[in-house]
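To keep things clear, I will list the structure first and then write my remarks on it.
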Amino acid sequence: MTDDPGDPAAGDDADASPDSPDAADDADADPDSPDADELSLDRFHEALEAEERPVATASEVARRLGTTQATARDALAALVDRGDVDRLDVESDPVVFYPTDWGRLATRERVVAFPDRREIVVDRPTQFTRARLSQFAHLVDTTGTDPGTRGYLYRIRQEDVWAAPFDDADGLISSLRSVLPRRFDHLEEWIRDQWRRAHRFRLYTHEDGYVVLQAASESLMGNVADQHLADDHLRAPISETEAWVNEDAVAGVKRALYDAGYPVEDERDLDVGDPVDVDLTTDLRSYQETWVETFLDARSGVYVGPPGSGKTVAAIATIAAVGGETLILVPSRELAGQWREELLDHSTIDPADIGLYHGGQKEIRPVTIATYQIAGMDRHRALFDSRKWGLICFDECHHVTAPVYSRTAELQSKHRLGLSATPVRETGSEEEIYTLIGRPIGADWDELFEAGFVQEPEVEIRYVPWRDELAQNEYASADGRERRRLAAENPAKIEEIRYLLAAHRDKKALVFIEFLDQGEAIADALGVPFISGETPHYERAELFRRFREEGDEPSADADRDDVDTLVVSRVGDEGIDLPNAELAIVASGLGGSRRQGSQRAGRTMRPTGSALVYVLATRGSSEEEFAQRQMRHLARKGIRVRETNVAE
Ligand SMILES: Nc1ncnc2c1ncn2[C@@H]1O[C@H](COP(=O)(O)OP(=O)(O)OP(=O)(O)O)[C@@H](O)[C@H]1O
């Protein structure tokens with residue numbers, strides 16, 4: 001539809017319609033329908049769908065049903081009475097309503113589509129639905145912690161369609177229809193349009209050896225390519241739809257057309273260099289096999305999986321399968337050494353075939369492991385030019401820096417593989433990764449945790465009630481910073497900390513607080529040291545030393561001077577290195593940034609030991625929301641978050 005090359009921004013327009021008013025078109029709300037007194041649950045669902053929100057106010061429902069607000073309110077009240085709908089009073093906002101069974105434990109899957117936003121919300125999705133959705137949409141968020149009741153929010157972006165693993169748009173559309181409750185014509189049209197865009201340009205190798213850019217039509221070549229490519233990208237036209245690409249401009253061409261909304265299919269013939277004889281000696285897990293197969297089909301891609309999920313082993317399998325010369329790029333010299341060990345552990349590679357290329361050692365071998373730093377330097381250009389790489393592997397690929405990007409982008413390599421533990425879309429360099437390496441290939445993180453392939457760090461939010469009405473009233477009548485302080489210092493938290501420490505008697509624990517008074521109160525109540533900005537440096541260092549000291553039973557021996565629990569204020573928060581902390585209790589500080597939230601949690605989540613993080617949030621205060629937001633962020637990183645209500 002918007003294939004019109006005269007309007008290269010057409011795709012962007014299509015993309016810029018999240019708030020378009022035609023949302024109402026998707027509502028089947030019929031203004032001539034009987035009274036809204038008879039509002040059925042189904043009609044309420046339709047109103048929600050039309051609103052594109054999971055909850056709605058009475059006036060929104062009224063608008064959708066074409067009645068007055070009072071009538072809608074009464075009708076909603078009737079649904080509430082029947083138990084079909086729940087209401088939620090949000091402080092200072094109008095009351096919102098949502099279907100009761102959304103909050104209830106049930107086994108039924110429910111898929112709700114918000115076509116204009118191109119979002120799909122699925123409650124309790126089946127594995128089938130999740131597998132289907134992951135082909136053409138990406139997971140934005142999950143709510144709840146129990147996989148059986150969890151809600152999933154998916155969004156379909158341009159690049160999801162561009163990278164969807166189907167032979168044609170029909171395949172993609174039929175997969176979409178298999179999960180959605182009904183057809184959405186607009187959405188399907190948009191998907192078809194995106195699909196077409198991704199199949200308009202291709203690069204191939206001419207029989208005389210040079211690279212050709214081919215457009216699907218003369219006008220595409222004339223308008224899109226001419227407008228978006230730089231003068232030095234193309235050498236000469238070959239025909240109305242084809243042009244000879246400058247040898248060192250291939251990456252530039254791909255990038256420019258991607259930016260213009262026309263990703264290029266790369267069908268060049270590329271060499272794999274000399275054969276490398278490597279066999280894998282470890283049996284792959286089935287998800288690793290899928291990764292490798294998917295990669296080999298596409299010849300490019302990024303394995304995305306949580307730390308320890310076996311990306312390196314899958315990469316070694318890929319090296320063996322490609323069987324050509326391989327360049328592995330890593331962020332540090334230590335990692336280069338580790339890679340060498342892993343190659344030797346998991347394959348039959350001859351140690352003489354592995355070369356390390358970094359500040360200390362400069363060997364180029366059939367399998368060469370180099371640091372990104374060296375790879376970005378001009379004077380090491382020989383590293384790249386001396387071989388015909390069959391495979392380039394970018395470990396921790398979100399570390400790829402601009403100079404490396406431009407250097408390696410020019411490199412001819414038949415296969416490009418990235419490895420990342422950070423979902424690619426969170427790296428901020430998604431486009432680079434996509435154009436330089438390829439699309440994400442990943443397993444369902446939940447499944448990896450559930451199957452026990454990956455050790456699961458645990459974060460638990462504990463909602464702590466107010467100790468009494470007095471405290472609660474004080475909070476209600478305060479405002480601003482004072483309010484936040486009262487929620488932070490909720491005295492009931494002290495008992496909760498005492499309980500948690502007792503429950504994990506044998507663990508080294510850190511308690512993080514934001515306000516000094518609270519730190520002192522907790523330290524006093526528990527009889528443990530408190531480290532704040534006022535603690536002299538030597539004293540601080542000494543306490544940290546004693547905390548690091550290990551004993552088999554830390555609290556059993558009164559003669560030893562090791563410390564098992566420390567209360568730490570924000571100063572102690574960044575840059576302290578206490579690798580033996582096994583338990584972290586975040587007692588306050590929830591107003592902080594998202595970064596801080598992950599840092600606190602991250603501190604105890606070392607590869608060794610199973611650290612637990614508890615976040616205490618005062619129930620019914622703004623801490624509740626903060627905790628949820630921060631934890632959602634962690635959850636998206638594959639960290640399992642649990643929520644518990646502390647009994648009053
Ligand atoms: N198929 C397999 N069979 C047995 N062990 C495996 C397999 N795959 C991976 N492992 C083991 O699991 C551990 C983690 O694997 P690997 O180093 O490949 O993970 P990773 O995802 O690269 O981790 P990180 O992100 O921390 O680098 C290693 O000890 C590895 O030997």
Side-chain angles (χ1 to χ4, degrees), residues 278-296 301-322 326-349 351 354 356 358 367 369-372 391-400 415-427 429 433 437-438 440-458 579 598 601-611 634-640:
V278 188
D279 283 321
L280 194 70
T281 51
T282 302
D283 289 337
L284 289 186
R285 297 169 183 152
S286 74
Y287 67 87
Q288 288 171 317
E289 271 172 19
T290 311
W291 286 355
V292 177
E293 280 162 21
T294 313
F295 174 87
L296 292 173
V302 181
Y303 296 158
V304 184
S309 56
K311 299 181 292 294
T312 312
V313 170
I316 295 171
T318 313
I319 295 171
V322 169
T326 300
L327 175 63
I328 299 162
L329 294 172
V330 298
S332 73
R333 209 189 275 198
E334 290 68 39
L335 276 173
Q338 276 175 32
W339 248 101
R340 184 174 189 281
E341 295 308 311
E342 296 246 22
L343 272 165
L344 294 171
D345 278 358
H346 296 285
S347 79
T348 56
I349 193 164
I354 307 177
L356 294 183
H358 51 59
V367 175
I369 310 167
T371 55
Y372 284 121
L391 171 69
I392 302 184
C393 174
F394 302 83
D395 195 8
E396 311 274 349
C397 63
H398 43 279
H399 281 290
V400 180
H415 300 84
R416 289 161 181 274
L417 171 65
L419 308 181
S420 176
T422 308
V424 172
R425 71 194 161 73
E426 291 198 1
T427 61
S429 48
I433 291 177
I437 310 174
I441 300 172
D444 186 321
W445 286 34
D446 286 336
E447 272 177 39
L448 299 183
F449 287 126
E450 277 155 27
F453 286 129
V454 185
Q455 195 195 11
E456 179 186 342
E458 279 195 22
S598 358
R603 171 149 324 110
T604 55
M605 290 185 298
R606 307 278 159 145
T608 54
S610 53
L634 288 173
R636 278 204 296 267
K637 292 198 168 333
I639 294 164
R640 266 298 258 288

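When a ligand or atom number is given, it counts from 1 through the structure's own listing order.
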Would a distance-only check, ignoring hydrogens and angles, find a side-chain to backbone donor-acceptor pair under 3.5 Å from [X] to [Y]?
X	Y	value
Thr281	His346	yes
Thr371	His358	no
Gln288	Val313	no

Numbered atoms of ligand 1 (with element) below 4.0 Å of [X], judged on heavy atoms:
X	answer
Glu342	17 (O)
Gly310	9 (C), 15 (O), 16 (P), 18 (O), 19 (O), 20 (P), 21 (O)
Asp283	1 (N), 2 (C), 3 (N)

Quick one: CD1 on Ile328 to CG on Leu343, what's the gap to the nearest 0.5 Å?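 Nearest 0.5 Å value for the CD1-CG distance: 5.0 Å.
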First locate atom CG of Leu419, then atom OH of Tyr303, and finally report the distance between them rounded to the nearest 0.5 Å.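 OH of Tyr303 is found 8.0 Å from CG of Leu419.
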With a 4.0 Å heavy-atom cut-off (strictly under), which part of Leu284 contacts ligand 1: side chain, backbone, both or neither?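 Only the backbone of Leu284 comes within reach of ligand 1.
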Below the 3.5 angstrom mark, is there an N/O of Thr282, backbone or side chain, next to an N/O of ligand 1?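 So ligand 1 has no N or O lying under 3.5 Å from an N or O of Thr282.
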Hey, is Glu396 one of the residues with a heavy atom under 4.0 angstrom from ligand 1?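 The answer is no, since Glu396 has no heavy atom less than 4.0 Å from ligand 1.
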Contact between ligand 1 and Ser309 is defined here as a heavy atom of the residue under 4.0 Å from a ligand atom; is it met?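 Ser309: in contact with ligand 1 (<4.0 Å).
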